[in-house]
Amino acid sequence: MPLPHVLLSAAVSLDGYLDDTGPERLLLSSPADFDRVDEVRAASDAILIGAGTIRADNPRLLVNSPERRAARLAAGKPAYPLKVTVSGSGVLDPAANFWHTGGEKLVYTTDQGAERARRADLGAGVDIVSLGPGSLGWRALLEHLHDVRGVQRLMVEGGGTVHTQLLQQHLADELQLVLAPLFVGDPGAPRLFGPGAYQGGRLRLTETRRIEDVVLMRYEPTAPGTGPLASGADRHWLALACELAERCPPSRTAFSVGAVVVAADGTELARGHSREGGDPVVHAEEAALARLDPADPRLPTATVYSSLEPCARRASRPAPCARLILDAGVRRVVTAWREPDTFVVAADGNGLLRGAGTEVVVLPEYEERAKAPNAHLSG
Ligand SMILES: NC(=O)c1ccc[n+]([C@@H]2O[C@H](COP(=O)([O-])OP(=O)(O)OC[C@H]3O[C@@H](n4cnc5c(N)ncnc54)[C@H](OP(=O)(O)O)[C@@H]3O)[C@@H](O)[C@H]2O)c1
Ligand SMILES: [Zn+2]
């Protein structure tokens, strides 16, 4: 299931707080950074905040720049991104700025919350969607945003309760964090993340930027998903495998494939691509796995990313890649494209892996990229 690209955006004090406990919202960012946030909003299809932030900050969440709104309209988009909130309780103040500014609004809630929110009379242009009884499932929420509302890029502007869940459930693709040079010093103030540990190892730092007296830091989570559930980082690693496929020496008799082996904490263990290192028959997964010690304790919890389904039969070597993956003890494979019958008829590498208990996740949104370096082989 394709999900929107999820960008978590927040400003924090030097001691890691999102706000103080006073009645006014604490201004952490600088004017130039508010303008940067405006630009990020303008590039998003939707902006999401938790109901706690509506209550505490009463934000408008607008694109303030008329030029950016005009550019959105010129691109065929609404002037303002869709505003989204989540509320289990449905306790929402109809007087809040959220409902009376900008374009369309959407509330994700529970069956009980939906009843209450409908009674609150939040006004025209507010869509109330129940995701069922009990607590909200974030994956269902993101699928709905993507499939029903066409959201490709979602910006999440807090608060901490929302950010923490999206990070811990491996649903965030990117984190844009601004560090403000002040201290809150109040243990009762809301924190950016927590409680509870994030089981995803180190994040990848992709940018640092000084903006007046604050620093913008951009990170990407790196941890593979679990079982059938794809993480934001799964998409990053599969995209890398597709990029490696483009580096293969050309061939008329074999596919160009890229592969990456990644540990559960997001550490890249090895990568490979077809026909690398002057070996005319080596396969991508085979080349990557050959770089690893078979006794490496990280292999049983690692994920193999391969642009093409691992092969189940091959003429060039005794063991096909699906067998090599099983022998390495890897239990999870992410791939973009099922092997066509070009060279081997009905090769079912995914079936072989699944039959042996390995989870195979197919992300069809990367199929075009995986096929691109093989276009000359079809037809
Ligand atoms: N510095 C920054 O960049 C920044 C940005 C945003 C917010 N903040 C600060 O953060 C604080 C608010 O943070 P917060 O953590 O209290 O609130 P929050 O994350 O904005 O919202 C939490 C609320 O969202 C709903 N919710 C979240 N996950 C849910 C789930 N899985 N199922 C059902 N409902 C769910 C619940 O609403 P119900 O209670 O209605 O059930 C919950 O109480 C404020 O002090 C604000 O100033 C700072
Ligand atoms: Zn192979």
Side-chain angles (χ1 to χ4, degrees), residues 8-13 16-29 33-34 37 47-59 61 84-93 98 107-110 112-113 116-117 120 130-141 155-166 168-169 176-180 184 186 188-195 214 254-255 257 259 272 274 281-289 304 306-317 319-325 339 343-344 347 349 352:
L8 309 185
S9 170
V12 279
S13 64
Y17 292 104
L18 281 178
D19 195 3
D20 55 21
T21 48
E24 297 296 314
R25 176 179 163 206
L26 175 68
L27 285 189
L28 289 155
S29 239
D33 187 57
F34 283 123
V37 168
I47 304 170
L48 181 148
I49 56 169
T53 299
I54 297 187
R55 289 175 203 129
D57 294 353
N58 194 18
L61 298 177
V84 184
T85 190
V86 272
S87 168
S89 69
V91 176
L92 297 161
D93 177 1
F98 187 89
V107 181
Y108 283 110
T109 182
T110 57
Q112 272 185 320
R116 191 179 258 146
S130 170
L131 295 174
S135 165
L136 299 184
W138 282 98
R139 196 169 281 271
L141 184 156
M155 179 182 189
V156 181
E157 294 203 50
T161 310
V162 166
H163 282 327
T164 300
Q165 293 172 76
L166 287 166
Q168 288 182 342
Q169 294 176 30
Q176 297 196 358
L177 185 60
V178 160
L179 190 63
V184 169
D186 179 348
R191 284 196 174 275
L192 171 57
F193 291 118
V214 305
F255 291 115
V257 181
S274 314
V281 295
V282 77
H283 285 191
E285 305 92 311
E286 179 187 23
L289 289 169
V304 168
S306 181
S307 57
L308 175 66
E309 169 184 20
C311 61
R313 267 182 274 140
R314 62 189 283 197
S316 53
R317 296 265 161 89
C321 292
R323 172 53 49 203
L324 296 174
I325 289 168
E339 180 171 355
F343 302 117
V344 193
L352 187 72

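No experiment lies behind these values; they were computed from the predicted model shown. Computed over heavy atoms, backbone and side chain alike; hydrogens, waters and symmetry mates excluded. Atoms within each ligand, like the ligands themselves, are counted from 1 in listed order.
Assignment of Ile49 to the shell around ligand 1 is not supported, since no heavy atom sits closer than 4.0 Å. The closest approach between a heavy atom of Gln165 and any atom of ligand 1 is below 4.0 Å.
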**Asked** Can Phe98 and Asp93 be said to form a side-chain contact (heavy atoms from CB on, under 4.5 Å), step by step?
**Response** CA-CA 9 Å; Phe98 187 89; Asp93 177 1; over 6 Å; no
**Item:** Chi angles and distances behind the side chain to side chain donor-acceptor pair (under 3.5 Å) call for Trp138, Gln165
**Value:** CA-CA 8 Å; Trp138 282 98; Gln165 293 172 76; 2.8 Å; yes
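Summarising the contacts of atom 39 (O) of ligand 1 with Arg116, Glu157, Arg55, the nearest heavy atom is found in Arg55. Ranked by closest heavy atom to atom 9 (C) of ligand 1, the top entry among Leu8, Leu18, Leu48, Leu192 is Leu18. For atom 25 (C) of ligand 1, the candidate residues are Val86, Val37, Val178; the nearest heavy-atom contact is made by Val86.
Annotation for Leu179 and Ser13: closest pair CD1-O, 3.6 Å, computed over non-hydrogen atoms. His283 approaches Cys311 most closely through the heavy-atom pair ND1-SG, 3.4 Å. Nearest approach of Cys321 to Arg314, heavy atoms of both residues: SG-NH1, 4.2 Å.
If you look at Ser87 next to ligand 1, the close heavy atoms, those under 4.0 Å, come from the backbone and the side chain alike. Residue contacts with ligand 1, taken as heavy atom pairs separated by less than 4.0 Å, involve Pro190 solely via side-chain atoms from C-beta onward. The parts of Leu136 lying near ligand 1 are both backbone and side chain, judged by heavy-atom distances below 4.0 Å. The backbone and the side chain of Thr161 each have at least one atom closer than 4.0 Å to an atom of ligand 1 (non-hydrogen atoms only). The part of Leu28 lying near ligand 1 is the side chain, judged by heavy-atom distances below 4.0 Å.
For ligand 1, the atoms sitting less than 4.0 Å from at least one non-hydrogen atom of Ala11 are 1 (N), 2 (C), 3 (O), numbered in the order shown with element in parentheses. Annotation for ligand 1: atoms under 4.0 Å from non-hydrogen atoms of Ala51 are 21 (O), 23 (C), 24 (O), 37 (O), 40 (O). Distances below 4.0 Å separate heavy atoms of Gly158 from the following atoms of ligand 1: 6 (C), 20 (O). Atoms of ligand 1 lying under 4.0 Å from at least one heavy atom of Ser135, given by number and element, are 31 (N), 32 (N).
The shortest contact between atom 21 (O) of ligand 1 and any protein heavy atom is with Gly52 N, 3.0 Å. Regarding atom 44 (C) of ligand 1, its nearest protein heavy-atom neighbour is Ala56 CB, 3.6 Å. Protein heavy atom nearest atom 36 (C) of ligand 1, with residue, atom name and distance: Gly88 N, 4.1 Å. Nearest protein heavy-atom neighbour of atom 46 (C) of ligand 1: Asp57 OD2, 3.3 Å. The nearest heavy-atom contact from the protein to atom 45 (O) of ligand 1 is Asp19 OD2, 2.8 Å. In this structure, the protein non-hydrogen atom closest to atom 7 (C) of ligand 1 is Thr53 OG1, 3.2 Å. Scanning the protein for heavy atoms near atom 18 (P) of ligand 1, the closest one is Gly159 N, 3.4 Å.
Formation of a donor-acceptor pair under 3.5 Å by the Thr21 side chain with backbone atoms of Ala189 is not found in this model. Side-chain atoms of His163 never come within 3.5 Å of backbone atoms of Gly194 as a donor-acceptor pair (strictly under, hydrogens ignored). Judged by distance alone, with hydrogens and angles left aside, the side-chain atoms of Arg317 form no donor-acceptor pair with the main-chain N or O of Val281 at under 3.5 Å. Side-chain atoms of Asp20 come within 3.5 Å of backbone atoms of Gly22 as a donor-acceptor pair (strictly under, hydrogens ignored). Within the 3.5 Å criterion, the main-chain N or O of Gly88 finds a donor-acceptor partner in the side chain of Thr110. Of the possible donor and acceptor atoms, one in the side chain of Thr109 sits under 3.5 Å from a partner among the backbone N and O of Ser87. In terms of modelled atom types and a separation under 3.5 Å, the side chain of Glu285 and the main chain of Ala259 share no donor-acceptor contact. Thr85 contributes a side-chain N or O that, together with a main-chain N or O of Ile49, makes up a donor-acceptor pair within less than 3.5 Å.
The nearest protein heavy atom to atom 42 (C) of ligand 1 is not closer than 4.0 Å.
With the Zn ion (ligand 2) as vertex, His283 ND1 and Cys321 SG subtend 120°, rounded to 10°.
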